[in-house]
Each structure stands twice: as C-alpha cells, then as structure tokens.
Amino acid sequence: MPELPEVETVVRILRTQIVGQVIHNVTLLWPKTIENSEFFIQEVIHQKINTITRRGKYIMINLDKGTILVHLRMEGKFFIKEESEPIFKHTHVILHLDSCKLEFNDTRKFGRMIYTENANDYLIQKLGLEPFDSQLDVKYLKEKSKNRKVALKTFLLDQSVIAGIGNIYSDEICFMMKKHPNTSIQRLTKKDWQNCIHATQVILSSAIEAGGSSVRSYTSSLGVTGLFQLNIHVYGRSNKPCHICETPLIKTVIGQRSSVYCPICQKR
DNA sequence: CAGTTCGCCTGGGGGC
DNA sequence: TGCCCCCAGGCGAACT
C-alpha cells in the first residue's frame, strides 16, 4: 500500500525511464480509473513528458501544457513494457509512448488518474505541507489542530495537515513518539509535537532511502519489489512482542483504520 | 463546521 | 476441495 516513500520510489524509477517521451495514444480499459477520461485522452495525446515529480501521495507527470496526476491508492502500480508484450491482468490504462508502453495496473481499481492544466491549484486545496517542508513546525501543527478533537492517528492520516502519511507510517510515528494512537490531539504538549515532526521525518526519510517498504502486494514500477521490510515496529505485528519491552502489541480500530500499538510504551 | 460512516474493489485467508 | 464471509485501506460523498 503505497505511502509517500513508495510513491517517491516509483517517481524516481519512472523519471529514468519515460521522461522526454511523447504520448502517442491512450488505451482505457476501466473507465473509472480516469476521472475526466474524454478530456484526458483528447488533451494528452501528442504531448511530451517533461518532468515527473511528487506531491504527497500524488505522482505528477508534467507534460507540455498540463499534468497527469496519478494516485496509486492501495495497489496501483506501473509497468513499463515493450509494445508487443501482452497486457497484464488488472491493467486499466495504457499510455503508448515512443519506445514503450506504460501500463497502469491496479487490482482493487481504487487508483485514479486525472489530467489538469492547474495541478498546483488542484493539489493545494487537498494537501498540507510536505513532511520535509521547513515550514512544518510546532506552530503549524498547533494551528492545524486548533478547534479539532480527533485522535493523534486520525490527525496524522489527514492529508490536509501533512501530506503523504498512510496507515503504516502513522502507526510507526505514534510508536516512535511513545504516544497511544488514540490520544486526543488536544492533550499533546509542545514537546510531543516536536517529537511528532522528528518521528515523521526520520521514519519517512529512512523509508525513502530504503526504496519504500514492501508490505503485501506492493511493487514499484518495472515490477521491482521493494527491497525489504523496513524496520517496522508495530504495523501488522499485533500480538507480537514489542521491540522495546516485549509486551504483546494490541490491535484496535481508530477512525475505521486498524491500528497496532504497545500498551506499555505508548501512553495516552 | 467537524466528525463519522459508507462505498468503491479484488484476492487472500480463516472457518467449516 | 469448495464455499462463504471477513479483511485490507485512501479518499470522496453522504451523512449526523
């Protein structure tokens, strides 16, 4: 399930493979994958891929006039293949390029693509700061949490606060902060928020360095599986011993999401 | 307005 | 072996 580090890994691989190529045609096999398919197909054909960047969990394929925004959601992935190769099962969109085809493949069909000429405007209303933005400080988080009463974990998953954190890393961040994921954000001290920023940056940057964690079915573009399971302390480890105190980890549900935490190390 | 729940999807796994 | 049901989860829509 791609979160920011996995998306960054995909962006870096795509960048080396398809920048500079022209989109000659689009095959759409599952219409809902492209939100504005008629406009999308009409506009992207004959445009060149100039750069590929990332904002939050969105991949930005920047063309001459506009941008293809891609959200992988849970299982979206790209494959770069020879034009003659057979289409994979679960491929929903194919971009036909100069020397290859780019297949967007997504078992669960949750992934989305959209073409827009105002990508920054589109993203700015959905997304908060990047985890590594120098403006991400205690003051910013205090302001964002003002008048809100949600659990710490729910707050971390809110893309309009910090963009890019998903269910794996939100649990990991809470663990590193030594805070119960259900802690009300109103109870967090300045020191807690400082720890939150630190934990977020350490965990996400080391995950990027590792090439994205490989959990379940996640594979990056080219079908390359993520290198290894990055130092995961709590996610998916319910009933297993805490890496610090060996107490069995507890699984619960917070804001409709499964959450795992250590009942001893993580205080409310 | 803020918070909560539901629907979108498929494959894997547990129970029987 | 086969069938049913539950689960995974990001996000937008529809609710309270």
- Message: Under 4.0 Å, counting only non-hydrogen atoms across every strand here, what does A:Ser258 touch: a base, just sugar-phosphate, or nothing?
- Response: sugar-phosphate
Determine the contact category for A:Lys89: base if any of its heavy atoms lies under 4.0 Å from a base atom, sugar-phosphate if only primed atoms, P, OP1 or OP2 are that close, otherwise nothing. sugar-phosphate
In whole Å, I'd like the distance from the [atom1] atom of [X] to the [atom2] atom of [N].
{"X": "A:Gln256", "N": "B:dC8", "atom1": "CD", "atom2": "P", "answer": "16 Å"}
{"X": "A:Arg257", "N": "B:dT4", "atom1": "CZ", "atom2": "C1'", "answer": "12 Å"}
{"X": "A:Asn105", "N": "B:dT10", "atom1": "CG", "atom2": "C1'", "answer": "12 Å"}
{"X": "A:Glu35", "N": "B:dC8", "atom1": "CD", "atom2": "P", "answer": "16 Å"}
{"X": "A:Asn147", "N": "B:dA2", "atom1": "CG", "atom2": "C1'", "answer": "10 Å"}
{"X": "A:Arg73", "N": "C:dA8", "atom1": "CZ", "atom2": "C1'", "answer": "15 Å"}
{"X": "A:Ile59", "N": "C:dG10", "atom1": "CD1", "atom2": "P", "answer": "16 Å"}
{"X": "A:Glu3", "N": "C:dA8", "atom1": "CD", "atom2": "P", "answer": "15 Å"}

Tell me whether A:His24 at atom NE2 has more than 12 heavy atoms from other residues, nucleotides or ligands lying less than 6.0 Å away.
yes
Can you tell which of [options] lies closest to the side chain of [X]?
{"X": "A:Gln159", "options": "C:dA8, B:dC9, C:dC11", "answer": "C:dC11"}
{"X": "A:His90", "options": "B:dC9, C:dC11, B:dT10", "answer": "B:dT10"}
{"X": "A:Thr107", "options": "B:dT10, C:dG12, B:dG3", "answer": "B:dT10"}
{"X": "A:Val150", "options": "B:dT4, B:dC9, C:dG10", "answer": "B:dT4"}

[X] bridged to [Y] by N-O distance under 4.0 Å:
{"X": "A:Arg12", "Y": "A:Glu8", "answer": "yes"}
{"X": "A:Asp158", "Y": "A:Arg148", "answer": "yes"}
{"X": "A:Arg55", "Y": "A:Glu130", "answer": "yes"}

Open item on the list: Just N and O in the side chain of A:His71: are any of them under 4.0 Å from OP1 or OP2 of C:dG10?
Closed with: no
Determine the interplanar angle of the [X] and [Y] rings, folded into 0 to 90°, and report it as parallel if under 30°, tilted if 30 to 60°, perpendicular if over 60°.
{"X": "A:Tyr58", "Y": "A:Tyr122", "value": "perpendicular"}
{"X": "A:Tyr261", "Y": "A:His180", "value": "tilted"}
{"X": "A:Trp30", "Y": "A:His92", "value": "tilted"}

Within residues 109-124 of chain A, those residues having any heavy atom closer than 4.0 Å to DNA chain B are A:Lys109, A:Phe110
